[in-house]
Student: 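Dropping a structure here in structure tokens format, bear with me for questions.
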Amino acid sequence: MSRLVKKSPSLCTDLPLDNTDIRNKLHLLWQLLRSCFGPTGRLKQVHNNIGGHVVTTSTSSVLLPAISSSQPFINLIKTSILNHVSRFSDCGLFAAILCLSLIERAKRSGLRGSVAISVNKHLLGLCTGYLQGEDCGCKVKLDFCSSLSLIKLSRSIISSKPACVLTEAEAVHISKLAVQAFLLTVPCNSPGIVRLGKIVTVSVEGHSVLNSAVFPGLLVDMPDVFGLNKVENLHSNPLRVVLFSASLAGDLSELGDGIIEVHPGVDTDAQILDQLLELGKRVVAEEVKLFVCQKVIHPVLQQYLRRHGIIVIERLGINVMEPLTQLTGAQPVATLHTTIPAKAYGKVRDVDIRQFGSKTMLHLHPPGESAICTMILCHRNETMLSELKVVCQKTEHVLRLTLREPSALLGGGCTETHLAAYVRHKSMNEVTETASALGCTQTEYFLGVEGFCRSLESVAAALEHDGGNCLIDLTHAHHWTLPADVITEHMEDSLGLCGCGVMQSSPNKKWTYLSTKYPQFSPAPLSRDTTVQPRVLDSFTAKLNALQVAVETANLALDVRYVIQDTN
């Protein structure tokens, strides 16, 4: 009998945000995430102290799960941000930095928690109403008649992940491939409900990024090239395909659960092998040319099929099963004990062999229009390739979101500074009525507004990592960066373009530092000149949800009274 140990009482923390240790950990997390933000963000190497894989990244979806904390309050915020990332793929760092900044500024201002929460809710409503309105000055419509705006959106996401280590030419190349692959998954002539296809990503280590490519159809790994010399003769007619999800290795364990009765003297291996060969004979009689199995195929069955001119693919893996069924129209067969129904067979138009480094791959062409494509991603080492694969998957998801809402927000911090100026102006014009409705004094309302706007501006300021100064122009409220080595007298000559790239500095413009107070003003809308387009775009849907998640999570944190932790 094991020794019984008396349970320890649960650890209860009263008013966690008044706890110095928790406040310090929140500030440390804010500093860590802030330093990763943007194209020049610093990379983080995370390693478990008991060993394991070293993670090098600046991406929130990789970084946050790698950071472990024993503090439930920290994990609450992490979980909320990761939930946003799992649904929208982008703007995870934006949400986390804004959330932590809102919490810190609310506590630093001395506002009562209930007042900070109500003011934050009100200002969030102002922001979302403005962003969703037609007169929003930081939103641009995406033109699907041209792929240019989609490439800009794609490139903004990819270039913001420095762990990919891409040159300018490589970033442009991958951005174009991401858009090309996305467009291939959108069916052209699909009546009724439109079902988007899939992108299958194949990683090839040790080759230049510029060797990356996108192919319509599906490329599957063929480590065993035996029998592929007959592929050249398979281009004339559609080729019949059969697909098995059950293992064809011949193991008894693959026959299912329950009791197996074996008569004395019966050779079970020979019985199962005979059944596999019977299956092979049926497949040959049905003129199947491509035999695919998700799991393992018995070597004798493989040899039999190849001897009859059938291409055999085993160990396909569960991730490729769904794209293959969409491409071929085949229905996976889950057992070898029944006759294969006619509707289970699928077709491919033809097959090719393609070589990528040490990988030999079979290219399956769809029999008609298909929304399945394969992206071959190449990079120089495993760490960069892993990050690039994650980023491309996130980019695909963001591009899909544009189908629901064909809009984007200005990037480079311009949306944040523009929103901050708008909120200041709108709030000051309605201060008496709003403060009364929220049940607080005007002083408390001013403090709440200032904390909210400063938090938005801190996200824009987080893009600068090289000692430069962040500014806001007092006309359109865009974000500008002044390099650290520039004298203030020569500021106009050094500012160049704003963060999103849509505005050029000029002598008649006025700027002020983000960290200083400036007179409230209504940000002027951009001119309708279509020749000047933003260079940096953010996902409208992802950023709008990230803004909501950041404010709601901050309000939840400000509202927590007790944290009860079971230490057993």
Student: Give the minimum heavy-atom separation between Ala462 and Ile97, together with the two atoms involved.
Tutor: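 The pair with the smallest heavy-atom distance is CB-CD1, 4.5 Å.
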Student: Please report the closest heavy-atom contact between Lys389 and Ser203, naming both atoms and the distance.
Tutor: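 Closest heavy-atom pair between Lys389 and Ser203: CD-OG, 3.5 Å.
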Student: So, do His479 and Leu514 sit near enough that their side-chain heavy atoms are less than 4.5 Å apart?
Tutor: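 They are in side-chain contact.
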Student: Is there a side-chain contact between Leu399 and Val179 (heavy atoms, below 4.5 Å)?
Tutor: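 SC-SC contact between Leu399 and Val179 confirmed.
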Student: Which is it for Val209 and Ile174 under the side-chain contact (heavy atoms from CB on, under 4.5 Å) test, yes or no, and what are the steps along the way?
Tutor: CA-CA 8 Å; Val209 176; Ile174 293 295; 3.6 Å; yes
Student: Find out whether Thr185 and Phe182 are in side-chain contact, i.e. whether some heavy atom of one side chain is under 4.5 Å from a heavy atom of the other.
Tutor: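 In contact.
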Student: Are Glu322 and Arg195 close enough for a salt bridge, meaning some N to O gap below 4.0 Å?
Tutor: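 Between Arg195 and Glu322 there is a salt bridge, with a charged N closer than 4.0 Å to a carboxylate O.
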Student: With no hydrogens and no angle check, is any side-chain donor or acceptor of Arg23 less than 3.5 Å from a backbone partner on Leu17?
Tutor: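 The answer is yes, because a donor-acceptor pair under 3.5 Å joins these two groups.
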Student: Quick one: does His418's side chain get under 4.5 Å of Leu410's, heavy atoms only?
Tutor: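 Counting from C-beta outward, His418 and Leu410 never come under 4.5 Å.
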Student: Looking only at side chains, do Ser458 and Ser101 share a donor and an acceptor under 3.5 Å apart?
Tutor: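 A pair is found: one side chain offers a donor N or O, the other an acceptor, under 3.5 Å apart.
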Student: Can you tell me if Asn24 has over 12 outside heavy atoms packed within less than 6.0 Å of its CG?
Tutor: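 Yes.
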Student: Would a distance-only check, ignoring hydrogens and angles, find a side-chain to backbone donor-acceptor pair under 3.5 Å from Tyr445 to Ser436?
Tutor: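 No.
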Student: Are the side chains of Leu447 and Val115 in contact, using a 4.5 Å heavy-atom criterion?
Tutor: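 They are not in side-chain contact.
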Student: Is it the case that the side chain of Lys426 and the backbone of Arg424 share a donor-acceptor pair, with hydrogens and angles ignored and the cut-off at 3.5 Å?
Tutor: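 It does not hold such a pair.
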Student: Does either side chain, that of Lys152 or that of Ser175, offer a donor lying less than 3.5 Å from an acceptor on the other one?
Tutor: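 Per modelled atom types, Lys152 and Ser175 side chains form no pair under 3.5 Å.
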Student: Of the non-hydrogen atoms in Ser149 and Leu537, which two are nearest, and what is the gap between them?
Tutor: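 Where Ser149 meets Leu537 most closely, the heavy atoms are O-CD1, 3.9 Å.
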Student: Report the C-alpha separation of Thr541 and Glu405 in whole Å, then their side-chain angles, then the decisive distance to 0.1 Å, and conclude whether the side-chain hydrogen bond (donor to acceptor under 3.5 Å, both in side chains) test is met.
Tutor: CA-CA 7 Å; Thr541 308; Glu405 176 58 63; 6.0 Å; no
Student: Return yes when atom NZ of Lys78 has more than 12 non-hydrogen atoms of other residues, nucleotides or ligands closer than 6.0 Å, and no otherwise.
Tutor: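 Correct, the count exceeds 12.
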Student: Once you measure the plane-to-plane angle for Phe88 and His84, does it fall in the parallel (<30°), tilted (30-60°) or perpendicular (>60°) bin?
Tutor: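 Aromatic pair Phe88/His84 classed parallel.
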Student: Within 45 degrees of the axis of the six-membered ring of Phe540 and under 6.0 Å from its centre: does Lys139 put its NZ or CZ there?
Tutor: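 Checked: cation-pi criterion met.
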Student: Are the side chain of Lys394 and the backbone of Thr59 linked by a donor-acceptor contact shorter than 3.5 Å?
Tutor: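 Looks like no, no N/O pair under 3.5 Å.
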Student: Indicate yes or no for a side-chain donor-acceptor contact from Thr516 to the backbone of Tyr513 under 3.5 Å, with no hydrogens or angles considered.
Tutor: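 Yes.
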Student: Donor-acceptor pair, distance only, cut-off 3.5 Å: does the side chain of Ser86 make one with the backbone of Asn83?
Tutor: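 Yes.
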Student: Does the Thr415 side chain pair with the main chain of Gly411, one donor and one acceptor, at a distance under 3.5 Å?
Tutor: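 No; judged by distance alone, with no hydrogens or angles, the pair does not exist.
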Student: Nearest heavy-atom pair of Ser455 and Arg105: which atoms, and what distance?
Tutor: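 So the two residues come closest at OG-CD, 3.3 Å.
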Student: For the side chain of Thr13 and the backbone of Pro16, is there at least one donor-acceptor N/O pair under 3.5 Å apart?
Tutor: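 Not a single qualifying donor-acceptor pair exists.
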Student: Is it true that atom CZ of Arg561 has more than 12 heavy atoms of other residues, nucleotides or ligands lying nearer than 6.0 Å?
Tutor: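 Yes - once you tally the heavy atoms of other residues, nucleotides and ligands closer than 6.0 Å, there are more than 12.
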Student: Is there a donor-acceptor contact under 3.5 Å linking the side chains of Glu387 and Thr57?
Tutor: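 Side-chain D/A pair, Glu387 to Thr57: present.
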Student: Between Glu433 and Ala435, is there a donor-acceptor pair closer than 3.5 Å when you use the side chain of the first and the backbone of the second?
Tutor: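 No; zero donor-acceptor contacts below 3.5 Å.
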Student: What heavy-atom pair brings Pro534 and Val140 nearest, and what distance separates the two atoms?
Tutor: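 Closest pair (atom of Pro534, atom of Val140, distance): CG-CG1, 4.2 Å.
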Student: Heavy atoms only: give me the nearest His379-Leu388 pair and the separation to one decimal.
Tutor: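 Looking at all heavy atoms of both residues, the closest pair is CD2-CD2, 3.8 Å.
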Student: Between His173 and Ser212 (side chain of the first, backbone of the second, donor and acceptor by atom type, cut-off under 3.5 Å), is there such a pair?
Tutor: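 Yes, the answer is positive, given that a donor and an acceptor are paired below the 3.5 Å cut-off.
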Student: Taking atom NZ of Lys107 as the centre, report whether more than 12 heavy atoms of other residues, nucleotides or ligands fall under 6.0 Å from it.
Tutor: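 It does: Lys107 NZ has more than 12 such atoms within range.
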Student: More than 12 non-hydrogen atoms from neighbouring residues, nucleotides or ligands closer than 6.0 Å to CD on Glu430, yes or no?
Tutor: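 Counting neighbours around CD of Glu430, more than 12 heavy atoms of other residues, nucleotides or ligands fall under 6.0 Å, so yes.
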Student: I'd like to check Thr402 versus Ser539 (side-chain heavy atoms, cut-off strictly below 4.5 Å). Are they in contact?
Tutor: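 Sidechains of Ser539 and Thr402: no contact.
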Student: How about Trp480 and Thr417: do any of their side-chain heavy atoms sit closer than 4.5 Å?
Tutor: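 The answer is no; the side chains never approach within 4.5 Å.
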Student: Using the ring of each side chain (for Trp, its six-membered ring), is Phe356 parallel, tilted or perpendicular to Phe215, with breaks at 30° and 60°?
Tutor: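 Answer is perpendicular, since the angle exceeds 60°.
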Student: I'd like to check Gln548 versus Thr128 (side-chain heavy atoms, cut-off strictly below 4.5 Å). Are they in contact?
Tutor: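 Of all side-chain heavy-atom pairs linking Thr128 with Gln548, at least one is under 4.5 Å.
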